[in-house]
Amino acid sequence: MGNDSFIAQGMALPQRILFPPDKICMHWQQRQRAGAGLHNLGNTCYLNSVLQCLTYTPPLANYLLSREHSRSCRQQGFCMMCIMEAHVNEVLHSSASAIQPWTVVNVLTRIGEHFQPGRQEDAHDFLRCTVDAMQRACLSGSSE
């Protein structure tokens with residue numbers, strides 16, 4: 001979206017552009033076969049469904065498969081983008097029929113302090129918290 005479009009719609013210009021529109025590809029950049037499924041690790045259906053949706057969203061998957069984020073990440077400790085990058089690459093490059101999503105389960109309370117392993121949770125709430133954590137990772141890791 002160009003500056004004229006922002007002004008015409010009455011929106012303020014963004015302070016920072018993390019992903020230039022010309023770099024966003026809405027289609028798969030490489031032909032992908034169906035990746036590994038996800039084992040239920042005890043009431044993780046909500047988590048698995050959200051991870052599957054994010055894994056098969058082409059613009060996000062293209063970026064995560066490029067490993068561009070981890071090459072430039074300056075985040076100390078928990079980084080949801082690095083975790084998602086590892087997850088998507090594992091799922092789409094695995095020869096197994098299903099994997100155990102421990103990389104995400106192990107950081108549930110970092111994604112949202114109210115999430116507890118083994119407890120049923122709401123998929124929408126988990127998606128919201130996951131996307132928020134990914135956005136925080138991008139914003140804290142970007143240069144001004």
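These numbers come from a predicted model, not from an experiment.
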Enquirer: With side chain to side chain contact (heavy atoms under 4.5 Å, CB included) as the criterion, how do Phe115 and Thr109 come out once you've worked through the C-alpha distance, each side chain's angles and the decisive distance to 0.1 Å?
Expert: CA-CA 5 Å; Phe115 293 121; Thr109 58; 5.6 Å; no

Enquirer: Can you confirm whether Tyr63 sits close enough to Met81 that some side-chain heavy atom of one is under 4.5 Å from a side-chain heavy atom of the other?
Expert: yes

Enquirer: State the OG1-CD1 distance between Thr130 and Ile111, to the nearest 0.5 angstrom.
Expert: 4.5 Å

Enquirer: Any idea which heavy atoms bring Arg71 and Ser66 closest together, and the distance?
Expert: NH1-O, 2.9 Å

Enquirer: Compare all side-chain heavy atoms of Leu54 with those of His87 and state whether any distance is below 4.5 angstrom.
Expert: no

Enquirer: Give the minimum heavy-atom separation between Ala96 and Ala36, together with the two atoms involved.
Expert: O-CB, 3.4 Å

Enquirer: Give a yes or no on whether the backbone of Asn89 and the side-chain of His93 come within a donor-acceptor separation of less than 3.5 Å.
Expert: yes

Enquirer: Hey, does Glu90 have a side-chain heavy atom less than 4.5 Å from the side chain of Pro101?
Expert: no

Enquirer: What is the distance from atom CD of Glu68 to atom SG of Cys73, rounded to the nearest 0.5 Å?
Expert: 12.5 Å

Enquirer: Check the pair Glu85 / Arg67 against side chain to side chain contact (heavy atoms under 4.5 Å, CB included), numbers first and verdict last.
Expert: CA-CA 7 Å; Glu85 185 178 284; Arg67 298 186 188 270; 3.7 Å; yes

Enquirer: For residues 37-46, dump all side-chain donor-acceptor pairs below 3.5 Å to protein atoms at least two apart in sequence or in another chain.
Expert:
{"from": "Asn40", "atom 1": "OD1", "to": "Gly42", "atom 2": "N", "distance (Å)": "2.8"}
{"from": "Asn40", "atom 1": "OD1", "to": "Asn43", "atom 2": "N", "distance (Å)": "3.2"}
{"from": "Asn40", "atom 1": "OD1", "to": "Thr44", "atom 2": "N", "distance (Å)": "3.2"}
{"from": "Asn40", "atom 1": "OD1", "to": "Thr44", "atom 2": "OG1", "distance (Å)": "3.2"}
{"from": "Asn43", "atom 1": "ND2", "to": "Gly118", "atom 2": "O", "distance (Å)": "2.8"}
{"from": "Thr44", "atom 1": "OG1", "to": "Leu41", "atom 2": "N", "distance (Å)": "2.8"}

Enquirer: Using distance alone, with no hydrogens and no angle criterion, decide if Gln75 and Ser140 have a side-chain donor and acceptor under 3.5 Å apart.
Expert: yes

Enquirer: Please report the closest heavy-atom contact between Ala34 and Tyr56, naming both atoms and the distance.
Expert: C-OH, 3.9 Å

Enquirer: If we only count heavy atoms from C-beta on, is the Leu108 to Leu47 side-chain gap below 4.5 Å?
Expert: yes

Enquirer: Would Leu51 and Met84 satisfy side chain to side chain contact (heavy atoms under 4.5 Å, CB included), going step by step from the backbone distance to the final call?
Expert: CA-CA 9 Å; Leu51 291 178; Met84 284 303 300; 3.7 Å; yes

Enquirer: Do Leu60 and Met134 make a side-chain contact, defined as non-hydrogen atoms from C-beta onward lying under 4.5 Å apart?
Expert: yes

Enquirer: Within the 4.5 Å heavy-atom criterion, are Phe78 and Val107 side-chain neighbours or not?
Expert: yes

Enquirer: Hey, what do you get for CG (Asn48) to CD (Gln100), rounding to the nearest 0.5 Å?
Expert: 10.5 Å

